[in-house]
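This report concerns only the one structure given below.
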Amino acid sequence: MTEVVAGLSQRRDAPAEPRPDFDALYREHAATVARWAARIGTPGMDVDDIVQEVFLVVNRRLREFRGDAKIVTWLFRITENTVRNWRRRQHLRRIFRRAEDDALAADVPSVRPTPLEEIERRQNAEAVYRILDRLPERYRTVIILFEIEEMSTDQIAELLEIKAGTVRVWLHRARADFLRLQEKEERRRGAELERARGGSR
Amino acid sequence: MSHEHTDPPRWKDAGADTTSPEGRAGDRFRRLVDPEQPAAAALERIRREVLRARSWAPRGVWVRRFAFAGAALVLAAGSAMGSWALRSARQGWRGSLAVADGGVGRLARKDRYRIAVVGGAEVAVGDRGAGSFDLMRGTLVIETLREPAEVRIGDVVIDVAAGSLSAIERRGAPPSVAALAGAVVVRMEPASGGVRAAIPNGQVWSRDGLRPIEAGAVSRARGALDGDPSVSPGAMGSADGRSPTAATAPPTKQPATAPPTRLDAPTPAAARSTVAKARPAPVAAAAPARGPEPDPAAAVPLERPPAAAAAPVVVQPDPTSAEAAAFALALQRLRRDGDARAALRLLDDYDRRYPRGQLAGEATLARIEAHLALGDAAGALRLLDRAGIDGLPRSADLRVLRGELRSDAGRCLDAIGDFAAVVTTAAAPTLRGRALHGRAVCLAQLGRAEEARADARLYLSLLPQGKFAAEMRRALQSDAAP
């Protein structure tokens, strides 16, 4: 995240960016794109695939990049779109899945030495992203960048090329929605546990 | 005056107060681990693949201009064709079917309808979705299958319900309509009075009012649909057998029971017709009336036509997309109807239509399920061997399944690889248990008894009450492999 922030502040005063070479761009930003993808995606997503898709688009459209926007902003937008398309495809797939939660759990490999911890972490990540996935797209992005990526609202505004005031409003609404959905999730989880206890008796 | 805005404190930076919702949310965010960065080798591999991939973007200004001009041309041509199609659709009719006296013309659309026009008849065939026809003259036999149809005769519209058989005749006079199987609703345009009446099953509505259909009319109508040239226009149950055309038609099988009815003599019912009183010549607007009006009062008046209201038997596809609908149909055949063969046929169709479909993975999954339902383990294994399991949904389940099928096929070394891949993941315990059991069996078959026993112990520690627990315990107690 720090590199991104540094990149943003570095470019703040520059009027227009020169068109970068693909190799240089890839070397500088591939890891950042991977990080964004992992954050704004969902658990179980193949980050390598997303990075490849993003840079395929970048390679195709690099000639069209005129430097009007910051390169970081441009990259983030492509990453966001690619991840959004992936999530849409996943959503379509889930319609036909019978046990999506099991499948999601089964798809996440565990290489940690302590399986219990890993399971807890995975369950927490799944719960967080289950709530995030129910937020409107723009709120989801803003809350992820603020709470998880620890970016300031000004930095988010610069990255998304929107006003800082707008970011604050979206963040406020995103947080309210998150808390409401979290409460729902907790109630659902509580009911499940209650049922499980009742069944084991 | 400027306002300094400060960001709100992050939830994750607040203390570990899990009593408040904000605190719990912060705790959730705090416990998220940083994503693992792709290794340098992986990034290098991706870079090479990106550079190797062919760029489809047209290069050069002129190429781009040509591409733009081409796209504009295609768009213009498409738009012209679209407007032509729209005009045609508005006009309604796309073609016609006409036969000379004594002939039978037939037309069928799969899953929609079958029609036959009999002797000196002409019908315009429309393309308005479920099937629309304009009967110019003669007799039309129509059998609807999964969707209703509509037959127009001037300002009279005849709604034919899905899954019904009717014969409709227009020979210069108001039409006669026979509901041979299923209900038919006759309605007139609002300009002509907007009368609406239902003709019950087995009845003929003509200028004489309602009467039962003739004996054998149904089989004769079906004969016409099947292309029987000996069918006469007047023998369908709708015609009275003495229409002018019928009179000039070559001698055909006239049913002995067909009651000859006078065309020129008004019936008492027709004479009493309230419609005729209110509206002197409603049907004549479109067809020159030679006789009295049919008596809609003799039919069963309805607020809403039951035929049109009856829901056609159609499969409701998922609205997400046409692709999803095609796949959903296959899945319905497989899971709801239990017809795996039909499902495989539909999946073949799906693959042809969407070779790179978004649900290709799910289609493969359904195909595997269908093969298993048919008891074709070899077919399922072939698919699993060919498919890249990692790209498919529920990959861990599939890996265990492939391991079991490979084990059954005597390919234990391959199977062990599959089981091992699942045992080391955080898959659901039951799935890991299945993998452990499968691996233990395979190891035992390969003579690696100690490793098999280790798997059995692992299984028992994971699922002491599991499906294979008794088998594993027996194997351990007898000091034999499972």
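The chains referred to below are lettered A, B, ... by the order of the sequence lines, with proteins before strands, and numbering in each begins at 1. FYI, side chains are in, hydrogens and waters are out, and symmetry mates aren't considered; it's all heavy atoms of this structure.
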Fill in the blank from the handout: Honestly, the part of A:Leu25 sitting under 4.5 Å from a heavy atom of chain B is neither

Problem - A:Arg189 atom CZ: more than 12 heavy-atom contacts under 6.0 Å - result: no

Fill in the blank from the handout: Cut-off 4.5 Å, heavy atoms of chain B, and the answer for A:Glu183 is neither

Handout entry: Winner by heavy-atom pair count (cut-off under 4.5 Å) against chain B, out of A:Val128, A:Leu171, A:Val167
Key = A:Val128

Handout entry: Identified side-chain contact (heavy atoms from CB on, under 4.5 Å) counterpart of B:Pro8 within the set A:His172, A:Arg175, A:Arg168
Key = A:Arg175

Problem - Over all atoms of both residues, closest heavy-atom pair of A:Ala125 and B:Leu32 - result: CA-CD2, 3.6 Å

Problem - chain B contact via A:Glu53 - which portion, at a heavy-atom distance below 4.5 Å - result: neither

Handout entry: CD1 on A:Ile148 to CZ on B:Arg28, rounded to 0.5 Å
Key = 12.0 Å

Practice task
Find out whether A:Gln182 and B:Pro21 are in side-chain contact, i.e. whether some heavy atom of one side chain is under 4.5 Å from a heavy atom of the other.
Solution key: yes

Practice task
Identify which part of A:Phe55 has an atom lying under 4.5 Å from any heavy atom of chain B, answering side chain, backbone, both or neither.
Solution key: both

Fill in the blank from the handout: Heaviest contributor of heavy-atom pairs below 4.5 Å to chain B, chosen from A:Asp48, A:Asp46, A:Val51, is A:Asp48

Practice task
Cation-pi check, B:Arg10 to A:Phe146: give yes when NZ or CZ is under 6.0 Å from the six-membered ring centre and within 45° of the ring axis, no otherwise.
Solution key: yes

Exercise for the section: Give, as side chain, backbone, both or neither, the part of A:Asp23 having an atom under 4.5 angstrom from any heavy atom of chain B. Expected result: side chain

Practice task
Evaluate side chain to side chain contact (heavy atoms under 4.5 Å, CB included) for B:Val50 paired with A:Phe22, printing each intermediate quantity in order.
Solution key: CA-CA 10 Å; B:Val50 169; A:Phe22 175 80; 3.5 Å; yes

Problem - chain B contact via A:Arg27 - which portion, at a heavy-atom distance below 4.5 Å - result: neither

Exercise for the section: Drop me the distance from A:Leu132's CG to B:Phe29's CZ, to the nearest 0.5 angstrom. Expected result: 5.0 Å

Exercise for the section: Return yes if some donor-acceptor pair links the side-chain N/O of B:Asp7 with the main-chain N/O of A:Thr153 below 3.5 Å, else return no. Expected result: yes

Exercise for the section: Answer yes or no: is there an ion pair linking A:Glu150 with B:Lys12, defined by an N-O contact shorter than 4.0 Å? Expected result: yes

Practice task
With a 4.5 angstrom heavy-atom cut-off, could you sort out which part of B:Arg24 is near chain A: side chain, backbone, both or neither?
Solution key: both

